[in-house]
Amino acid sequence: MGDVSTAGLDGLAERLRVVAGAGNVITDPAELRTYECDGLTYHRATPGIVVLPDSAEQIAEIVRACTAEGVPYIARGSGTGLSGGALPRTDGVLIVTSRMRRILEIDIDDERAVVEPGVINLDVTKAVRSQGYYYAPDPSSQQICSIGGNVAENSGGAHCLKYGFTVNHVLACEVVTPDGEIVEISEAPGYDLLGAFVGSEGTLGITTKITVRLTRLPEKVETLLAAFDTIESAGEAVSAIISAGVVPAAIEMMDALSIEAAEAAVACDYPPGAGAVLVVELDGPTAEVDHQFAQVKELCDAAFEIRVAADDTERALIWRGRKSAFAAVGRISPDYIVQDGVIPRTALPEVLARIDELSGDSGVRVANVFHAGDGNLHPLVLFDDAVPGAAERAEMVSGQILDLCIEHGGSITGEHGVGVDKAKHMPRMFTEEDLDTMQMVRCAFDPAGLCNPGKVYPTPRLCGEVPGRRTGVHPLVESGKADLF
Amino acid sequence: MEDFRELLDDCVHCGFCLPTCPTYQLWGEEMDSPRGRIHLMSQHEQGEPLSGPMIEHFDRCLGCMACVTACPSGVKYDRLIEVTRAKVEDERPRGRTDRLLREAIFAFFPYPKRLRLLRGPLRAYQASKINMAPLLNRISPTLAAMERLAPPRASHVRLPERVAARGERRAVVGMLTGCVQREFFPGVNAATARVLAMEGCDVVISKDQGCCGALSLHSGRAAEARAFAKKTIETFADVDVVVVNAAGCGSAMKDYGDVLADEPEWAERAREFSVKTRDLTEYLAELGPRATRHPLEITVAYHDACHLAHAQGIRVQPRALLAGIPGLEIREIADPEICCGSAGVYNLLQPEAAGELGDRKAANVSATGADLLVAANPGCSLQIATALRRRGEEIAVAHTAEVLDASIRGIGKEQLSPRR
Amino acid sequence: MTQVIDALAKACEVRPAEPEDAVQGVGAAYVAAPATVTEAGELMRAAAEHRLTVVPRGAGTKLHWGAPPERCDLIVETRRLGRLIEHTAGDLVVKAEAGLPLEKLQEAVSGTRQQLALDALVPGATVGGTLATATAGPRRLLYGSARDLLIGITVVRADGVVAHAGGKVVKNVAGYDLGKLFTGSRGTLGLITEAAFRLHPLPQASAYVSATVADAAAALELTRALRRSSLVPSAIEVDGPDPITVTVLLEGFAGGVPARAEAARDLIGGRITEEPPGWWGRLPDGEVLAEVRAAPSKLTAVFQEAPAHVRGSAGRGVWHVGLPAGDAEQALDRLRRHGSAVVLSAPDGTALDRWGPVPALALMRRVKDQFDPEHRLSPGRFAGGI
Ligand SMILES: Cc1cc2nc3c(=O)[nH]c(=O)nc-3n(C[C@H](O)[C@H](O)[C@H](O)COP(=O)(O)OP(=O)(O)OC[C@H]3O[C@@H](n4cnc5c(N)ncnc54)[C@H](O)[C@@H]3O)c2cc1C
Ligand SMILES: Cc1cc2nc3c(=O)[nH]c(=O)nc-3n(C[C@H](O)[C@H](O)[C@H](O)COP(=O)(O)OP(=O)(O)OC[C@H]3O[C@@H](n4cnc5c(N)ncnc54)[C@H](O)[C@@H]3O)c2cc1C
Ligand code: SF4
Ligand code: SF4
C-alpha cells in the first residue's frame, strides 16, 4: 500500500483527539498499518485514522464528526473477521472497540448480561460459569473475538446446531446510528430492527452495548470422537444422525489433511490413519443424553475407532484439535484460503466427493474442517504464494466450491459474512431485485453510505431514488466513497 | 538460523494470541499485541525504518511468551523478538537516560559479585562508578523489595562444589546457581541441592560458573549473551544433565542452540547443551520420587512463571510434585497464563505497566486465599509480594524447591512462613 | 372502478369487496387472490399503478385485531397461495407458500416425525399471517419464536418487485435478514408469499406438570426454580389469577421424560398429566388483549398491574394480558413501567395508545418509507401510525 495522503483528515484527527482523548487517536503510519487487515489478510488498506473510544457518547460524536466531513467510518472489534468486514479505508476512520470491554451487568435471575461491544466472547462465559450459566454462541475464535463483532457477523459456532446463532441469543442492542443518535433496538415492540441489525456486518451502525441471553449449563455432556476410513462414510454418518431425529449440540468433521495440521499444532492425538473424524457432542438432561448417545454410537458403526471423553480434560483435548484447525493449517501450508459455504445436509456426501474431484483435477490441496451438523463447510484451500500462479489456482478452486454450494441450494457464507471478500459473489445467490430490497434497509439506516461502505453488496444502492431503476455512474462510486466489484 | 521472513510469515493474523498478551490486556491496542508487534517487525523487514513508536512497542513487550503458548500456527515469537531486540540495539541509539538505565542494569545484575556490593541501597549508590542518582529511584525499590524478601545476609550458605547423593546414587547432575538466585535467595539453591541429593543425585556445583546470559539474551544484547552462553557451556562440559531452578535461566539455556547456531565451532556443542538442560521440576518428574514426603498442612497458590510455563512448557510437573506432598492443597490462580509483570528487568524499564500487571496478579493471588505463594522465579515472587504489599497484604513466598525440601526433611511449614 | 378492476384482473382472480370484507369497519373495494408468486407481483404492481392501499389477508382469523387501517382499497388474499413447496426431511427444512394453513404444514411434516416448533395460538392461521403477526406460543422458551425458525422468505414489495432473502439452509449469513424484519411487520412492509423454516424432530413423549399457588410471588419462585434447574423444559407457562397455575412442559425421549417430570414435580409440587391444561396455548379472555414483554422476574409486577388475566411464557417473559376496557389505559401505562405492552385487540371505538413508547421509532419510519414510500400497505395499523 503506497503512502496515501490523508492530509484531508488532519482536521478530523484533531477533532477526534478532543472527543476521545489524544492517547486514543492513532495517526502514526507504522501504527496505523497494524490495523490494515482483519483475519483475512488478503485484503489490506491502511486506515486514515484509528480511534479507540471509551463510550457510546464518544462513538456518537465520532460518527457525527465523520458525517459532517463526509468521511467513511468502519467499526472493528478484535479483527478476527474472515471476510474483510473490518477492512479499513485509507480515507476513513477505523473505530476500534477493544477498550470498551467491561461487562456492565450480570443478571443471573433473569438470565442475561449486559456487555460493552469489545468484551471477548469467552469472557462472558467465564464470568457466569461458576453460577451455572454460559453464553451459548461459541465461534472457534471465541477466546478473542468480540461480542460486537459477533453481533455484526451473526457468528455461529460448533454448538449453534442446537442452540442457534448470535441472533438467537441477543435480546437488545444499544446502537449508534449513522445519524449519530444512540438508540436501543430489540425484537419488539415495532419492527424487529434487532433481527435486521444482527448480521449486518457493521453497515447499519455501531453497537455500543449488548444484552445477551445466558444459557443454563447442561446437566450432562458427552463428547465422542469417531474415526472413519473415508470422508464419505463420515458424511453418511452425519446424515444418518440428523435424519434419525437426534439434535446433538455439535457435529464437527475434519478430514485427513486438517487432522494432520491440528496434530502438528496442538498434538491432539486423534486416531492415526483416519480419513476423517467426527466430533459429536450431546448435552442436556442425563436421560436424554444417554439415550441419544447410544443412538449416535450405533449410527457411527462405520467408524473404525470411537473414543469417548472421560472428563472435561479429555473433552478439551478433543475440541482443541477442532478449534485450532484453521490457524493450524498455517503449519502445513504457507498460505491458504478459508472458505465458508453452506449446503443442505443431505448433499454432504455428494459435495464432499465433488470437492475431492476439484482438488484432484486442479492439483490444489483442500483441507476440510466443518460444522457438519448444519452443512456449513470450511474448505481450506492450500497454496504457496511464492509459486507463480498458485494463488490464482487456489482462488479458482475456492470459487468453484462456492458454485457447488449455490448449485445445491446452499449459501456462500454460513458464518464468516460477506464482507469485502464475497460481495462479488452475492449476485450469484441473489437477484438484482433481492439485493436492491436488502439495501432499502441500508438506505433507511445510512442514507449517506458512510458506515462501512463497500461491504456486503457489490453495488451500492442510491438511497432516495425510485426503487428498481438506476442509471449512470452511482454518485457514491463517483465520489470515491464506494467501490464497484 | 531460520529465515526471518519465513518466521514472520508463519503468523496467519488470527489473533488467538491477543487475550494472553499482558500489554494487550492493559491497553487494548493492536500495536501492543503479539499480532501487531509481528506486523511491525514485518514492516521493518520490508524496509520501513525503525521509528520511535515501533521501538516503544517492542520495548513494551515483556517477553513472557504467553503468545507462543497461545499460537495455533506455531509462530516462534521468542525468536522473532530476540532478533528484533538485537536489531533495535544495533540500529537505533537510545536516548541518554534510557541508555544509562540499561547500562546500569546490565552492569550489575548479571554479576553476582557486583550484586553483592549492591545489597543495601546506600552501598549501591557508593559502589556505582556511574552517576546513578536519577536511576536509583527506579532501581532502588526493586532492590529494597529484594532486601525485604531475602533472608538476612548472616544466613548465607556456602554450597560445596559437590553434594553427595543420599542412598543409592541415581545420577550425577550439574547445578546452575544463577545470579540473583545466588545472591538474594541462596536458600533456594541450598534447597535445590538437598532435594536432588535426597532423591539420589550427586550434585556438581562448579565455582567458576557465571551468568547464563538470560537477561542479556532477552534484552537484545546478543554479543553479551553469546559470551555468557559459551562460558556456561564450558563450565558444564563434564556433566550429562544441567539442572536449573530459575525459570529465566533455564529457558535461555534451552535456547543456546539457536543463540550460537551461526557459530560453526559452537553450534553443535550449544545444541547438545540445550538438550541436556532441565528445569528442576522437569528433572525430578523424570526421575520419579524416591525420598519420603512428610506432611505439610498448607494451602499453596502456584504461580506459573512465564519462562517456565510458556517458554519451557512446564506446568504439569511442578503441580504434580507439590500435589505429591501429603496435606498440601494447591489453589489455582485465575488467568494463570497472564504475566505478573516482573519479566526479568521489565519492572525496571517499564515500571508503570509492570506495576499494573503486578496489581492484577496480586488480586488474583489474593482471591485464592492461600497461605503460601510458590513460583519458580525469584523475580515473580518479588513482583507479586510487592504488589500484594501495596494492597496491604502479606503472603509467604517460596520456591518449589524449598517446599519440597521442607517436606522431605520433615521440617514443617514454619520454615516457609512470611518473611519480614 | 371497472378500469381498476380490469387492471387487477390481468394479474389474477379478483372480485369487488363485500361488506363482510371490511377490516375493522373499514370497507374495502376489491379482493384479489393471486395463485402464484408471479401473479402476486403483477397484482401488487397494478395496485401500485392505481395507488391502491393494500391489506393482506391470510385466513382472516383475527384480521380485526390491531388498529384499523386508514384506508383499504384492496385486500390481497393468500388462500390460493397454499402450496407446500418442498419438505426435505433429511435436512429438516420445509418451504411453503404464505397462504398454507399452519395446521396443514404440520400435518405434512409430521409424517416423517417432524414439526415446525411453533404453537398456533389461533386455529386456522396461515404461514404468512403467523409470520406477519410474529405469533408464538408456550414452546417459544425452548425453540424461539417465528423469527428464530424462519430461514428464508419471499416477499412482494409495494411496487410489485419480488424479492428473496435467506435461503433453505439452516445456516446462512449472506445479506440482510429481511425475514426477521418482515416477521411481525403486520402487512406494512410488503406481502409475504413464501417462507422456509427449519424443523425439529417430534418428541417421543411429553408431560405437563402443573402446580397451583397462592400468589404471584410464589409463582415467581416456582418459575425461577424451574429456570435454574437443568431439566430443559420446553415451556414454563403461568395462568392466573383465579387461581394462579404454573405449568411446565417436558419433552423428549420416552424413557427419560417421566423421570424429568418427577423431578419437576419435586421442585414445584402439583401433578403430572399427559395432556395440557385447558388454557394452554390459548389467548386469555378480556376486552382488551395486550402482549407484555418484560424480564421474567417482573412476573409479580405484571400480575399486580393486570389483575384481571395474565397468561404466557414465564420462562421468556412474554405474557398476554386481558384487561377490562375501562381500566385498560391506566393498566397499560403501569405495565409499561416494567417493559413493553402492545394492544392486540380492543373493542371497536376504544381510544387507546396501542403501542406505548416505541424506541427507535424514527428508524422504523425510515424503514417504512423505503419499503412503502407511498404508505399504501396496511396504513395506520402499525406502531407510530405506520
Ligand atoms: C481462527 C478463526 C476461527 C473462526 N471461527 C469462527 C466460527 O467458528 N464461527 C464464526 O461465526 N466465525 C468465526 N471466525 C470469524 C470471526 O471470529 C467472527 O466473525 C467474529 O465475530 C469477528 O469478531 P471480531 O471482534 O474479531 O470482529 P472484527 O473482525 O473486528 O469485525 C467483524 C465485523 O464486525 C463489524 N463490527 C465490529 N464491531 C462492531 C460493532 N461494535 N458494531 C458494529 N459492527 C461491528 C466490523 O465492521 C466488521 O464488519 C473465526 C475467525 C478466526 C480467525
Ligand atoms: C395485529 C395483530 C396482532 C396479533 N398478535 C398476536 C399475538 O401476539 N399472539 C398471537 O398468538 N396471535 C396474535 N394475533 C393473531 C394472529 O393473527 C393469528 O395467530 C394468525 O397468526 C393470523 O393468521 P391469519 O392467516 O389468520 O392472518 P390474518 O388474520 O389474515 O392476518 C393477520 C395479519 O397479517 C397480515 N398478513 C397476513 N398474511 C400476510 C402475508 N402473506 N404477507 C403480509 N402480511 C400478511 C394481515 O394484513 C394482518 O395484518 C395477532 C393478530 C393481529 C392482526
Ligand atoms: S511475549 Fe508476552 S508481552 Fe510480548 S507479545 Fe508475547 S504475550 Fe505479549
Ligand atoms: S496466534 Fe499466532 S498466528 Fe495467530 S495472530 Fe498470534 S502469532 Fe499470529
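This one's a predicted model, so the numbers in the text were calculated from it and none came from an experiment. Values reported hereafter were calculated over all heavy atoms of this structure, with side chains retained and with hydrogens, waters and symmetry mates removed.
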* Which answer fits S145(C), side chain, backbone, both or neither, if we ask what part of it has an atom under 4.5 Å from a heavy atom of chain A? -> side chain
* At a heavy-atom separation under 4.5 Å, does A295(C) approach chain A through its side chain, its backbone, both, or neither? ->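 Both backbone and side chain of A295(C) come within 4.5 Å of chain A.
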* Does D340(A) pair with K171(C) as a salt bridge, N-O distance under 4.0 Å? -> no
* Asked: Between E288(A) and R260(C), is there a salt bridge with N-O shorter than 4.0 Å?
  ->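 So R260(C) pairs with E288(A) through a salt bridge.
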* Looking at NZ of K180(C) and CG of L193(A), how far apart are the two atoms once the value is rounded to the nearest 0.5 Å? -> 13.5 Å
* To do: Quick one: pull up CG in D369(C) and SG in C463(A) and give me the separation to the nearest 0.5 Å.
  =>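 With rounding to 0.5 Å, CG (D369(C)) is 12.5 Å from SG (C463(A)).
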* To do: Check step by step if side-chain contact (heavy atoms from CB on, under 4.5 Å) holds for I343(A) and V169(C).
  => CA-CA 7 Å; I343(A) 52 167; V169(C) 282; 5.7 Å; no
* **Aromatic ring proximity F182(C)/Y191(A), centre distance under 6.0 Å** => no
* If you tally heavy-atom pairs under 4.5 Å against chain A, which of G175(C), G167(C), G144(C) wins? ->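 The residue among G175(C), G167(C), G144(C) with the greatest pair count is G175(C).
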* Which atom names give the shortest non-hydrogen contact between H291(A) and F253(C), and what distance separates them? -> ND1-CE1, 2.9 Å
* Apply the side chain to side chain contact (heavy atoms under 4.5 Å, CB included) test between V173(C) and each candidate in I412(A), T413(A), V167(A); give the one that qualifies. => T413(A)
* Who wins among V418(A), T346(A), V183(A) for the most heavy-atom pairs under 4.5 Å with chain C? ->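 Of the candidates given, the most pairs with chain C belong to T346(A).
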* Determine whether Q131(A) and R228(C) make a side-chain contact, defined as any pair of heavy atoms from C-beta on separated by less than 4.5 Å. =>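 Contact flag for Q131(A)/R228(C) side chains = no.
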* For R461(A) and Q370(C), test the side chains for any donor-to-acceptor distance below 3.5 angstrom and give the result as yes or no. =>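 Yes - a donor-acceptor pair under 3.5 Å links their side chains.
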* To do: Test ring-ring contact (aromatic ring centres under 6.0 Å, His included) on Y457(A) and Y176(C) and set out the steps.
  => CA-CA 10 Å; Y457(A) 300 101; Y176(C) 295 156; 5.2 Å; yes
